[in-house]
Amino acid sequence: MKIKTANLGNLNPNQREAVESTHPEVLVLAGAGSGKTKTLLQKIIYLIEEKTVSPSSILAVTFTKNAANEMVDRLILSADKSETYKTLLSNKKLTKQQLDFERFNFQKQYKWIDALTVRTFHSLCYSIMRTDGVNEFDNKFRIVSDQKRNEEDELNRFMAPETVFEVVHKLLITHCSDTEYLLKLKRYILDYIIDKIHIESKFSNVAVKDGRYFTCLDGTKVRSKSEQYIADWLYRHSIKYEYEPLLNVKDFYFRPDFYIPEANLYIEHVSDKSYSTRQKEEQFEKGKILYVKTYEAMTKDSSLFNHTLDKIIKNRLPANYHKDIVLTYKEEFNGYYDDVRDFVGQVMRITDMLKVESTDLDQVAIHAAADQHERVRSFYELAFPIVKLYNEYCVDKSYLDFNDLISRTIALFKNYPDIANKYNQKYQYILVDEFQDVNNLQVELLILFLTEKSQLFCVGDDWQSIYGFRGSNVSYIIDFEKHFPFSKIFKLNLNYRSTQHIVGASNEVIRNNKYKIDKEIIASKKSEHKIVVYAGDNDDDNVRFCVETVNKLYSEGYTYDDVLFLYRRSKMFAPYFSRFRNEGMRVQGKTIHAAKGLEAKVVFIIGLTEGYGGFPDIWLEDRIFQIIKQANRDLLLEEERRLFYVAITRAKDKLFLITEKGNESSFLREIPETFTVKTSATALPVTEKVILCQNCFSRMENLWLVCPYCGFKPGDEK
């Protein structure tokens with residue numbers, strides 16, 4: 001059956017050359033709005049129609065189900081001469097389920113489309129492991145996800161009954177039956193999640209009373225880490241104590257550091273910061289009260305300090321004093337459940353990173369144990385047992401998480417050449433959309449699909465690589481020729497989406513990145529509208545300007561769907577959303593990450609301020625995560641700039657950049673004035689009543705009756 005768009009006449013020369021290429025490894029490096037997905041789809045049609053390639057030998061891989069659906073939609077549109085499917089897609093009353101049903105039916109009508117494999121990485125690996133993975137893993141496995149079951153997820157019916165969080169949390173609670181582990185975990189949470197003792201107090205947002213920064217295991221607040229150690233030792237040994245009790249022996253009231261009633265013993269702990277204890281000691285002597293002194297230096301050696309406390313205190317307790325303590329997770333963490341959730345989230349994150357980076361657990365453990373910071377060492381000492389338990393649990397329960405789907409498929413291909421050969425023979429053409437977003441695991445998998453007879457055809461834009469925080473590695477697209485030595489790169493440099501001012505501005509912004517592939521994107525659209533940069537005095541000014549501008553756009557014929565608000569963080573949109581709702585205005589608002597792949601006739605980018613809470617928003621992650629993958633501030637800034645580039649290039653016709661007067665984002669300075677028109681909240685003229693001496697013209701203050709400089713008195717001129 002002839003496909004109506006099979007000829008290549010609707011492609012520009014660069015697109016056509018890429019589609020017709022027979023190089024074993026091809027990268028189509030496409031700027032924003034230059035038709036990269038169109039080129040990939042045309043490649044599929046060209047292979048089937050012109051090269052008589054069997055559709056079943058073509059594999060198209062992308063990252064999200066929505067992107068895979070869009071590919072299928074566009075292929076159906078290319079084949080549906082009746083344009084019935086086009087009408088269905090434009091019907092906004094259809095639910096997602098109805099549209100999925102229609103897509104399925106139309107796909108079945110066109111055998112060449114139905115025979116294609118258009119999958120996300122995860123669904124592809126799911127299918128392989130289900131069908132051929134029995135020697136590597138239980139092929140009746142279920143998927144354990146970060147989220148609860150989602151009816152809209154393509155793999156929903158294969159999901160485990162519990163989430164990753166529920167599994168990790170359950171394993172943590174079970175492991176807390178080990179009292180030593182439980183107390184170490186509580187100590188970590190109190191110190192670094194609640195008290196944040198690793199952060200300077202003025203930045204930690206922790207309420208401190210009377211200099212008591214440190215929380216003990218029983219909730220008591222004390223003044224120093226070493227006092228905390230003493231209190232915790234007493235708690236672990238079930239020895240009751242009072243901290244800083246008020247005491248008057250003879251001459252005055254004072255507060256010893258600790259009192260242990262069962263031993264009738266006071267403890268004075270002496271540190272470099274302590275006041276002199278001489279007067280206290282005199283009072284103890286006068287009252288013949290038993291007391292001992294401990295010193296800061298003792299705490300440097302935990303075994304010595306434990307021995308000292310044991311010798312000082314235990315020998316003075318009654319012979320029948322109970323020594324054992326039974327602690328439970330529920331009692332110890334009552335009131336701290338949200339903080340435990342934070343810890344569990346961090347454990348989940350490093351588990352994920354270890355898999356994506358293909359990092360050996362034991363090597364990271366050695367690296368972490370040698371870190372200079374106690375907080376980092378403590379975290380990994382607590383986290384690694386849970387990571388190992390999680391991995392064992394998933395194997396035992398026949399669970400695979402989303403990274404396991406890929407890593408287990410890689411292992412299957414490596415360990416069983418006959419299975420790898422089956423898929424090598426099946427798929428002669430492997431096409432990858434949004435190649436700039438691949439991570440280490442995904443590239444390793446792609447390489448295993450390749451043979452001397454196959455072709456890898458990738459499309460992407462290094463300028464739009466914005467998922468480094470998820471593990472994507474931009475080096476695979478920038479250094480494509482190093483990773484794929486038999487490759488050919490084609491550049492698509494004609495932007496069909498945006499006007500010349502928008503394209504020109506985006507080119508100039510991204511030019512400031514050093515780690516990139518140079519390309520000069522040209523706009524096919526011309527317009528007299530320049531980019532509007534508005535600088536208000538505050539959020540109220542900016543919101544007012546946006547409301548007035550959007551209403552004006554509506555009056556000119558633009559619709560709700562034509563206007564898109566973009567922002568770096570969701571909280572930036574809050575004042576706009578409230579005002580729009582009050583005004584009865586409907587406006588699309590999305591984070592820039594969520595808007596990837598979208599476009600609109602009019603785009604507003606808000607929150608373009610400098611510094612904390614602005615854009616760029618460089619987030620150097622916790623050192624805990626740097627143990628697995630170190631961050632480079634310059635590269636993080638470059639990803640922020642790529643994010644700004646993505647935001648700019650969502651606009652088709654008009655672009656508004658909203659900033660704050662005197663606090664403009666540094667990104668705005670990277671746009672040449674030739675592309676912009678700048679406006680701001682109008683400042684009132686500075687007015688000040690100045691009184692001058694009419695004789696010597698010196699400046700006089702309001703209440704002066706006589707000029708102190710020349711003696712002139714107003715009125716003397718008469």
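Positions are given from 1, in the same order as the sequence printed here.
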Check this for me, if you would: do R669 and E610 make a salt bridge, where the nitrogen-to-carboxylate-oxygen distance has to be below 4.0 angstrom? no
Please name the pair of heavy atoms, one in A383 and one in V347, separated by the smallest distance, quoted to 0.1 Å. CB-CG2, 4.0 Å
Are the side chains of V364 and Y380 in touch, meaning some heavy atoms are under 4.5 Å apart? yes
Any chance you could lay out the side-chain contact (heavy atoms from CB on, under 4.5 Å) test for L566 and F615, step after step, and finish with the verdict? CA-CA 12 Å; L566 297 179; F615 187 21; over 6 Å; no
Would a 4.5 Å heavy-atom cut-off, applied to side chains only, mark N439 and Q442 as touching? yes
Relative to the ring of F121, is the ring of F63 parallel (under 30°), tilted (30 to 60°) or perpendicular (over 60°)? tilted
Using a 3.5 Å distance criterion without hydrogens, assess whether the side chain of T659 forms a donor-acceptor pair with backbone atoms of L608. yes
Spell out, as yes or no, whether a donor-acceptor pair under 3.5 Å connects the side chain of E508 to the backbone of E670. no
Rounded at 0.5 Å granularity, tell me how far NZ in K654 sits from OG1 in T549. 9.5 Å
Under 3.5 Å side-chain donor-acceptor pair for E17 and Q15: no
Search all heavy atoms of I648 against all heavy atoms of S506 and return the closest pair with its distance. CG2-CB, 3.9 Å
With side chains defined as the heavy atoms from C-beta onward, is the minimum distance between L446 and Y476 less than 4.5 Å? no
Closest non-hydrogen atom pair, A68 against T62: N-CG2, 3.5 Å
4.5 Å side-chain heavy-atom contact, C458 and L27: yes
Check the pair D653, Y558 against side chain to side chain donor-acceptor pair (under 3.5 Å), reporting the backbone distance first and the verdict last. CA-CA 11 Å; D653 300 331; Y558 287 92; 4.7 Å; no
Any chance you could lay out the side-chain contact (heavy atoms from CB on, under 4.5 Å) test for I510 and R642, step after step, and finish with the verdict? CA-CA 7 Å; I510 209 69; R642 292 195 294 268; 3.9 Å; yes
Hey, what do you get for CD (E660) to CG (D537), rounding to the nearest 0.5 Å? 8.5 Å
Main chain of S578, side chain of N582: is a donor-acceptor contact present, judged purely on distance under 3.5 Å? yes
Would you please classify the geometry between the H593 ring and the F469 ring as parallel, tilted or perpendicular, with 30° and 60° separating the classes? perpendicular
Indicate yes or no: at least one non-hydrogen side-chain atom of V543 is less than 4.5 angstrom from one of I606. no
N/O donor-acceptor pair under 3.5 Å between T676 side chain and K678 backbone: no
Is it true that, when you exclude E673 itself, more than 12 heavy atoms of the residues, nucleotides or ligands shown sit nearer than 6.0 Å to its CD? no
Are any of the side-chain nitrogens in R103 or D100 under 4.0 Å away from the carboxylate oxygens of its partner? yes
Say whether, by atom type as modelled, one donor and one acceptor occur between the side chain of W463 and the main chain of I517 under 3.5 angstrom. yes
Run the side-chain contact (heavy atoms from CB on, under 4.5 Å) test on T359 and M353 for me, step by step, so that the C-alpha distance in whole Å, both residues' side-chain angles and the decisive distance to 0.1 Å come before the verdict. CA-CA 8 Å; T359 308; M353 290 179 71; over 6 Å; no
I'd like to know if R623 pairs up with D371 as an ion pair, taking the criterion as any Lys NZ or Arg NE/NH1/NH2 lying under 4.0 Å from an Asp or Glu carboxylate oxygen. yes
Could you tell me if the ring centre of Y192 sits under 6.0 Å from that of F379? no
Ion pair present between K36 and D461, side-chain N to carboxylate O less than 4.0 angstrom? no
With no hydrogens and no angle check, is any side-chain donor or acceptor of Q436 less than 3.5 Å from a backbone partner on G460? no
Please report the C-alpha distance between V509 and I671 in whole Å, then the side-chain angles of each, then the deciding distance to 0.1 Å, and finally whether the side-chain contact (heavy atoms from CB on, under 4.5 Å) criterion is met. CA-CA 6 Å; V509 165; I671 301 177; 3.6 Å; yes
Taking only Lys NZ, Arg NE, NH1 and NH2, and the carboxylate oxygens of Asp or Glu, determine whether R470 and D437 approach each other closer than 4.0 Å. no
Can you list the steps and then say if K661 with D541 is a salt bridge (charged side-chain N to carboxylate O under 4.0 Å, His left out)? CA-CA 10 Å; K661 192 185 299 183; D541 278 342; over 6 Å; no
Heavy-atom neighbours of K590 NZ exceed 12 at 6.0 Å: no
Partner of V356 by side chain to side chain contact (heavy atoms under 4.5 Å, CB included), out of N473, N403, I406: N403
Between Y576 and Y567, is the ring centroid distance below 6.0 Å? no
Side chains of N10 and K38: closer than 4.5 Å at any heavy-atom pair? yes
With rounding to the nearest 0.5 Å, note down the distance linking CD1 in I627 to CD1 in I624. 9.0 Å
If you count heavy atoms of other groups shown closer than 6.0 angstrom to OH of Y336, is the number above 12? yes
Are side-chain N/O atoms of N632 and Y515 paired as donor and acceptor at under 3.5 Å? no
Salt bridge or not between K516 and E638? Use side-chain N to carboxylate O under 4.0 Å. no
Take atom CZ of R341 as the centre, draw a 6.0 Å sphere, and report whether it contains more than 12 heavy atoms from other residues, nucleotides or ligands. no
To the nearest 0.5 Å, tell me how far T37 OG1 sits from L431 CG. 11.5 Å
With a distance cut-off below 6.0 Å to the six-membered ring centre and an angular limit of 45° from the axis, does K629 pair with F625 as a cation-pi contact? no
Smallest heavy-atom separation, R650 atom then G597 atom, equals NH1-N, 3.5 Å
Please evaluate residues R349 and D622 with respect to the criterion salt bridge (charged side-chain N to carboxylate O under 4.0 Å, His left out), reporting the C-alpha separation (whole Å), side-chain torsions for both, the decisive distance (0.1 Å), and the verdict. CA-CA 11 Å; R349 177 73 192 284; D622 195 319; over 6 Å; no
Return yes when atom NZ of K526 has more than 12 non-hydrogen atoms of other residues, nucleotides or ligands closer than 6.0 Å, and no otherwise. yes
R511 atom CZ, over 12 foreign heavy atoms within 6.0 Å: yes
Short question: side chain of K491, backbone of D518 - any donor-acceptor pair under 3.5 Å? yes
Determine yes or no for a side-chain-to-main-chain donor-acceptor pair under 3.5 angstrom, with K525 supplying the side chain and K652 the backbone. yes
Can you check whether V503's main-chain N or O pairs, donor with acceptor, with S498's side chain at less than 3.5 Å? no
Parallel under 30°, tilted from 30 to 60°, perpendicular over 60°: which one fits the rings of Y534 and F545? parallel
Any donor-acceptor pair under 3.5 Å linking the side chain of R568 with the backbone of G607? no
One should read off an interatomic distance between F604 CZ and L655 CG, to the nearest 0.5 angstrom, of 9.5 Å
More than 12 heavy atoms of other groups within 6.0 Å of K601 NZ: no
Salt-bridged, D634 to K514, with N to O below 4.0 Å? no
Identify whether the distance between the nearest side-chain nitrogen and carboxylate oxygen of R544 and E548 falls below 4.0 Å. yes
Electrostatic pair K519:D462 at N-O distance under 4.0 angstrom: yes
The reported gap from SG in C546 to CZ in F656 (rounded to nearest 0.5 angstrom) is 8.5 Å
